[in-house]
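Residue numbers begin at 1 in each chain, while the letters A, B, ... track the order of the sequences. Heavy-atom basis, side chains included; hydrogens, waters and symmetry copies ignored. Note that the coordinates shown come from a computational prediction; the quantities given were computed from them, not determined experimentally.
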Amino acid sequence: MVRTRFAPSPTGYLHVGGVRTALFSWLYARQQGGQFILRIEDTDRERSTQESVNAILDGMAWLGLQHDEGPFYQTKRFERYHAIIEQLLAEGKAYYCYCSKERLETVRAEYKARKQKPRYDGHCRHLTTPPSTDIKPVIRFKNPKVGEVVVKDLIKGTVIFNNNELDDLIIARPDGTPTYNFTVVVDDWDMGMTHVIRGDDHLNNTPRQINILEALGASVPQYAHVPMILGSDGQRLSKRHGAVSVMNYKQAGYLPAALLNYLVRLGWSHGDQEIFSIAELIDLFDIQAVHSSPAAFNQDKLLWLNQHYIKTCQPSELAKHLQFQCNQLKIDTSNGLSLAEIVKVQAERAKTLTEMAKNSQFFFGNEVEFNEKAVRKNLKPAIRKPLTDLCDRLAQLAEWNAEAIHAIVHLVAEQYELKLGKIAQPLRVAVTGGTVSPPIDVTVYLIGQSRCVDRIKRALTLIGTDD
RNA sequence: GCUCCCUUCGUCUAGUGGCCUAGGACGCCGCCCUCUCACGGCGUAAACAGGGGUUCGAGUCCCCUAGGGAGCGCCA
């Protein structure tokens with residue numbers, strides 16, 4: 001049974017890079033009929049917060065990346081870690097180190113001066129009796145001094161590390177709390193992880209973890225180190241590149257399906273296919289086909305995908321998302337107009353739901369805000385008569401539907417020998433306040449008869465008298 | 001500095017020795033459609049980092065160089 005996990009540390013928001021890793025992990029588990037586990041790595045008590053935990057949980061839920069087990073919290077597993085540390089100590093596979101931080105720094109500097117990788121020199125490795133010192137010791141793992149560790153990475157291929165490059169890492173602090181490289185190992189082992197899919201910044205940690213695993217007599221999982229995501233400038237993706245937290249994307253009006261589709265195509269592809277449903281991904285995704293090189297995040301392409309999903313999403317479903325956006329923007333939608341109807345006509349003219357909400361404000365409320373420039377340009381004296389006429393005809397229209405409205409607009413245009421645009425655009429400004437909207441007939445139809453008539457009348461009062 | 005990773009259009013990518021005068025997508029630019037904005041359709045420009053090998057033949061295999069990145073914590 002395949003078991004994968006996502007193991008973020010709750011020290012901030014849920015980053016899109018983390019989401020991509022989680023997605024890969026989740027897809028692999030789903031595809032293999034395995035299980036996906038969520039683990040919160042909160043051993044850094046200084047920086048871990050409940051808000052961050054919530055952000056992770058909320059983000060994963062929003063994206064629909066459901067875990068089968070967990071969330072497990074490392075802070076609740078300290079007894080287990082202690083027990084393993086005691087065992088390693090007893091077996092002579094770990095030892096107390098009384099070196100001062102100052103000494104450690106000196107040692108590192110010395111290695112550096114000798115053009116070698118800075119590391120611990122194993123000073124306390126063979127101590128048989130504790131030295132007389134006030135220093136509370138840390139506990140270090142006895143890393144093998146010779147031989148090599150071969151990592152058969154599903155993405156990076158075979159990577160070989162020499163043990164003499166590795167030092168004896170600290171597995172417990174003076175206060176007894178375990179450190180990262182140790183807790184992951186114990187957890188992955190205890191939780192039966194068969195595949196460890198994580199960011200490639202952990203590739204260098206892998207040989208140490210494998211050594212601990214072997215000292216514990218545990219089996220070594222398969223590894224897949226996924227490259228990180230770059231910003232548009234080729235640097236590691238960070239806040240200064242814009243939104244990096246998944247919740248930012250929710251707020252900004254992106255659909256989960258779009259984000260997921262975008263993220264999966266960053267480093268993975270299936271021929272020339274661009275659009276993938278979740279079901280297709282579960283079927284087609286191949287962890288071994290993930291690129292070993294990093295990829296840059298491209299906002300424009302995400303926007304394109306988002307619009308694609310907006311255009312293809314069920315109106316009733318989209319309406320919920322639009323409602324969320326309207327609430328955020330404090331747009332009152334309680335005037336009875338169906339959001340699903342609005343969504344149908346606005347889908348092809350919005351890349352995000354936030355944009356859609358903003359561009360749909362004229363559908364709500366009674367009053368409309370007239371754009372000064374649009375009024376000046378389109379509501380000129382010459383249009384007064386045709387627009388008045390149009391208004392009357394709309395007011396008298398017995399059957400209020402887009403076809404009938406369409407016919408009336410054309411009729412008035414012909415009557416005054418105006419090109420359609422010459423009457424449609426002033427009408428648009430009159431009923432929406434601006435120059436941009438869906439086709440004028442459906443726009444007028446959706447706004448409704450009485451409101452349209454009221455708005456046109458008001459627009460008529462804005463026309464200057466200088467003719 | 002050391003160890004490890006990476007390198008096809010601006011970006012995401014196809015490509016697994018001949019099908020490549022390198023394909024698709026986003027974006028850009030142009031044209032068409034058109035009542036606005038869009039959608040859509042069509043089209044243009046745009047890349048194998050450099051150098052050596054191997055081979056009849058290399059984007060594809062090997063080596064070197066250059067460039068980029070990660071790690072080298074009592075952070076995760």
Side-chain donor-acceptor contact under 3.5 Å, E280(A) with Q273(A): yes
Criterion side-chain contact (heavy atoms from CB on, under 4.5 Å) against V409(A), the qualifying member of D441(A), L394(A), L420(A): L420(A)
Sugar-phosphate only, base, or nothing, as touched by Q235(A) at under 4.0 Å among non-hydrogen atoms: sugar-phosphate
Base-pairing assignment for U36(B) (Watson-Crick or G-U wobble, both under 3.5 Å): none
Watson-Crick or G-U counterpart of G10(B), or none if no pair lies under 3.5 Å: C26(B)
For G59(B), the Watson-Crick or wobble counterpart (both distances under 3.5 Å): none
Which nucleotide in C37(B), C6(B), A76(B) has an atom nearest any side-chain atom of N205(A): A76(B)
Parallel, tilted or perpendicular: ring planes of W268(A) versus F285(A), cut at 30 and 60 degrees: tilted
Touch class at under 4.0 angstrom, heavy-atom based, for T43(A) against every strand present: sugar-phosphate
K117(A) bridged to D167(A) by N-O distance under 4.0 Å: no
Sugar-phosphate only, base, or nothing, as touched by E46(A) at under 4.0 Å among non-hydrogen atoms: nothing
Sugar-phosphate, base or nothing in reach of P438(A), heavy atoms under 4.0 Å: base
In C39(B), glycosidic geometry as syn within 90° of 0 or anti otherwise: syn
Side chain of D201(A) (C-beta onward), nearest among U3(B), U36(B), A70(B): A70(B)
Shortest side-chain distance from R108(A), nucleotide among C74(B), U11(B), A76(B): C74(B)
Donor + acceptor pair across side chains of N359(A), Q346(A) (<3.5 Å): no
Using a cut-off of under 3.5 Å, enumerate the N/O to N/O pairs linking the protein to nucleotides 18-25 of chain B.
unit_1 : atom_1 : unit_2  : atom_2 : d
G23(B) : N2     : D272(A) : OD1    : 2.8
G24(B) : N2     : E274(A) : OE2    : 3.1
A25(B) : O4'    : E274(A) : OE2    : 3.3
A25(B) : N3     : K301(A) : NZ     : 3.4

Nearest-nucleotide comparison on RNA chain B, the residue closer to the 5′ end among M228(A) and D300(A): D300(A)
Candidates L127(A), D168(A), L88(A) - the one meeting side-chain contact (heavy atoms from CB on, under 4.5 Å) with Y95(A): D168(A)
Residue matched to C4(B) through Watson-Crick or wobble contacts both under 3.5 angstrom: G69(B)
F141(A) six-ring centre to R208(A) NZ/CZ under 6.0 Å and within 45° of normal: no
Touch class at under 4.0 angstrom, heavy-atom based, for K311(A) against every strand present: sugar-phosphate
